[in-house]
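Nothing here was measured: the structure is a model prediction, and the numbers come from that model.
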Amino acid sequence: MDKKFQWNAWYFLLAFSLLLMFQGWWSERQAVEPIAYSEFLKLLKDGKLSELSINNQQISGKLLEPINNRSSFVTNRVDPALAEELAASGAKFTAVRENTLVANLLSWLLPLVLIFAFWSFLFRRLTDKQGGLGGLVSVGKSKAKVYVERDTGVTFDDVAGIDEAKAELEEIVSFLKDQPKYSRLGARIPKGILLVGPPGTGKTLVAKAVAGEAGVPFFSISGSEFVEMFVGVGAARVRDLFEQARKAAPCIIFIDELDALGKMRGVGAFGGNDEKEQTLNQLLAELDGFDPREGVVLLAATNRPEILDPALLRAGRFDRQIVVDRPDRKGRVAILKVHIKRIQAAAEVDLVQVAGITPGFTGADLANLINEAAITATRRGAEQVSMDDFTRAVERIVAGAERRGRLLLPHEREVVAYHEMGHALAASSLPGMDPVHKVSIIPRSIGALGYTLQRPTDDRFLITLGELKNRMVVLLAGRAAEQLLFGEISTGAADDLAKVTDIARQIVTRFGMSADLGQAVLERQSNSFLGDNLIAMREKDYSEQTAREIDLAVRQLIDKAYRRAGEVLQQRRAELDEGARLLLERETITPEDFPPLRPERTAGAQ
Ligand code: ADP
Ligand code: MG
Ligand code: ZN
């Protein structure tokens with residue numbers, strides 16, 4: 001609730017009670033000093049009174065002969081029965097009126113105060129729910145909400161695996177540290193720096209590290225906080241943010257999730273949004289109006305650069321982009337090293353090996369992995385986190401938690417065992433496939449009834465057509481095994497088929513690898529970090545004829561891969577039976593338990 005408004009209300013209450021008190025005091029003063037009731041009775045008996053007027057507390061009237069220069073009197077009434085007795089006793093007696101002023105005031109004021117307090121409580125609750133921006137009364141007052149950290153406590157040592165981004169940001173740090181030197185030479189530091197990369201790669205972290213390294217305050221605000229209910233609030237906040245930062249220079253302004261506020265104007269599901277547009281316009285105005293020589297460095301982060309308004313990325317605004325990408329294997333080792341300090345890890349834990357089985361993991365994933373491993377070890381009641389805990393944690397993250405409670409019919413288990421063994425044997429038969437690490441028929445929480453875990457040896461950047469085709473064979477070998485053994489196929493392969501279809505389509509439309517369609521790229525890869533399907537509104541810029549050819553080529557690729565999968569398994573039929581039997585017996589097997597899964601057996605090559 002607004003302070004000012006609250007004060008006004010209190011002033012009002014105060015004035016009101018003063019008025020009441022004054023009124024009470026005034027009426028008291030007007031009143032004549034009452035005379036004793038016994039005296040009144042005496043005067044009455046002597047017939048010295050006239051014009052009596054009576055209410056239920058007092059009796060007043062005129063004195064026929066003035067007493068002490070007074071011609072009128074007042075007396076407080078006494079209970080008649082009591083009065084009679086008292087008069088008989090001849091004592092002097094007076095009724096005393098209680099002073100009811102304070103009680104009166106309270107009976108007026110107390111309910112008022114209570115109602116007011118209750119109302120302001122409700123009001124505060126309401127505004128808190130609406131993001132605590134101060135609600136109806138204090139539009140645009142963002143002072144308290146701008147989040148400033150005097151010392152972020154994060155340094156470049158806490159950030160690993162993104163060395164290129166760090167190297168580029170070093171320059172900013174030295175600018176912030178030695179600002180006069182830079183401005184003397186007239187050097188211009190980039191106005192706005194945009195950190196671009198998938199979620200969890202450490203963008204927020206590295207921005208804080210810049211502030212920590214330079215020892216300057218860190219003003220941060222998240223784009224999503226600008227989604228407010230009143231038009232104009234966001235814009236006022238942006239203004240406030242820059243104003244405060246200028247006063248604190250040198251410092252860093254960090255706008256997280258810039259995409260939430262910097263969406264292209266006039267697009268999106270709900271059309272234009274006045275509020276966002278105003279906020280964005282204000283941001284653009286501030287960007288233009290501010291001079292980096294003042295010592296304020298502007299950083300922003302997004303994982304969806306493709307939806308940002310082009311005006312934001314223009315020269316002189318966020319004109320430098322730094323990509324913060326998923327770490328490679330070496331980077332993963334470095335990140336693991338940073339985070340492993342937090343837990344009690346056994347000496348045998350080999351981080352290089354852990355990095356090897358976590359391709360595609362981001363920094364946040366790795367931090368989470370270490371935590372999971374520690375949880376697993378705790379559950380086990382162990383003193384230290386072992387290598388085995390790490391492997392389990394990876395499996396948990398990749399395949400989901402085990403669900404031993406899910407009961408499969410005996411026949412279903414058999415089908416699953418052959419299916420998984422099919423994948424595993426195909427993977428160990430074909431060259432260039434990631435070695436099989438583990439095969440299991442323990443159901444996992446993420447849909448799978450069983451799984452085959454392949455452990456990549458290296459990060460791959462280039463994949464040949466032959467390898468892509470082999471991958472398709474491995475994916476289809478599950479269903480091929482079912483067909484081979486039972487002469488019937490099941491729904492268990494749905495997931496595999498989706499993946500196979502993806503690969504086949506990409507071979508044809510993205511990589512230009514189909515002989516029939518040639519080297520043309522028919523579908524562009526969107527540069528969204530969140531995967532292609534989110535922006536599935538790509539335009540089809542080829543003919544119906546080509547569309548049909550694509551479908552045919554895709555089908556042909558899949559058919560061929562399925563046939564090869566059948567052939568591979570036919571050749572290793574005996575091993576398939578033995579492996580499935582072992583799997584049914586032990587539920588989980590590794591290449592150590594079943595040597596045919598070892599990769600060196602490269603039979604049916606391409
Ligand atoms: P982003 O902002 O890119 O989505 P964050 O910076 O919020 O990701 O990262 C979340 C957490 O993941 C960090 O607090 C940190 O613990 C961990 N993390 C992410 N990237 C890294 C990295 N490169 N080095 C060390 N830790 C990292
Ligand atoms: Mg972030
Ligand atoms: Zn499968």
Q. Can you check whether K499's main-chain N or O pairs, donor with acceptor, with D502's side chain at less than 3.5 Å?
A. no

**Q.** Working for side chain to side chain contact (heavy atoms under 4.5 Å, CB included), residues V206 and L169
**A.** CA-CA 9 Å; V206 81; L169 290 166; 3.8 Å; yes

(Q) If you define the side chain from C-beta out and look only at heavy atoms, does anything of I340 sit under 4.5 Å from F390? (A) yes

(Q) Does R392 have more than 12 heavy atoms from other residues, nucleotides or ligands lying within 6.0 Å of its CZ? (A) no

Q: Ignoring hydrogens and angles, tell me if any N or O in the side chain of R396 forms a donor-acceptor pair with the backbone of E372 under 3.5 Å.
A: no

Q) Is the closest side-chain heavy-atom distance between C251 and V296 below 4.5 Å? A) yes

(Q) In the structure I gave you, are the side-chain heavy atoms of V354 and L369 within less than 4.5 Å of one another anywhere? (A) yes

Q: To the nearest 0.5 Å, tell me how far I370 CD1 sits from L351 CG.
A: 7.0 Å

Q. Any donor and acceptor pair, going by atom type alone, linking the side chain of R317 with main-chain N or O of L312 inside 3.5 Å?
A. no

Q: Answer yes or no: are there more than 12 heavy-atom neighbours, outside E383 itself, under 6.0 Å from its atom CD?
A: no

Q: Give a yes or no on whether the backbone of M387 and the side-chain of E348 come within a donor-acceptor separation of less than 3.5 Å.
A: yes

**Q.** Heavy-atom side-chain contact between I255 and L283 under 4.5 Å
**A.** yes

Q | V159 backbone acceptor or donor facing K166 side chain under 3.5 Å | A | yes

Q | Residue of the set E395, K438, H423 for which side chain to side chain donor-acceptor pair (under 3.5 Å) holds with Y451 | A | E395

Q | Enclosure of Q384 CD (heavy-atom neighbours >12, cutoff 6.0 Å) | A | yes

Q.
What I want to find out is whether E171 reaches R320 closely enough, with some N-O distance under 4.0 Å, to be called a salt bridge.
A. yes

Q) Do the side chain of E213 and the main chain of F156 share a donor and acceptor less than 3.5 angstrom apart? A) yes

Q | Distance (rounded to the nearest 0.5 Å) between I335 CD1 and I162 CD1 | A | 7.0 Å

Q: To the nearest 0.5 angstrom, please state how far the CG atom of L195 sits from the CD atom of Q321.
A: 10.0 Å

Q) Under the 3.5 angstrom rule, does the side chain of K203 hit a backbone N or O of G197 as a donor-acceptor pair? A) yes

Q) Between R314 and D288, is the closest basic N to carboxylate O distance under 4.0 Å? A) yes

